[in-house]
Amino acid sequence: MAKVGINFDLCDNTQNCAAVCPENVFVIVDSRTTVAHAGECTLCAKCLECCPEGAIELDF
């Protein structure tokens with residue numbers, strides 16, 4: 001199972017990851033981006049590439 005996470009200490013909540021994820025791994029809950037479907041992650045790294053804060057963590 002692919003693992004994706006968000007380092008909330010770095011996250012400025014730009015929501016870029018949710019916008020670019022083709023598998024809809026991320027959702028917005030109470031105005032915060034969160035990982036809802038980590039098992040759906042295909043490790044395409046689009047979220048990693050678009051995060052200006054470097055808050056996305058992928059377990060390759």
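Computed from heavy atoms alone, side chains included, the values below leave out hydrogens, waters and symmetry copies.
- Not counting sequence neighbours, the partners of Leu58 by the side-chain contact (heavy atoms from CB on, under 4.5 Å) test are Val4, Cys41, Leu43, Ala45, Cys47, Leu48, Ile56, Phe60.
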With a cut-off of 3.5 Å and sequence neighbours excluded, list every side-chain donor-acceptor pair involving residues 22-31.
none

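- Under the rule for a side-chain contact (heavy atoms from CB on, under 4.5 Å), the partners of Asn13 that lie at least two apart in sequence or sit in another chain are Cys11, Gln15, Arg32, Thr33.
- When all heavy atoms of Cys50 and Asn16 are compared, the closest pair comes out as O-ND2, 3.2 Å.
- Residue Glu57 holds its CD atom at 7.5 Å from CG of Leu10, rounded to the nearest 0.5 Å.
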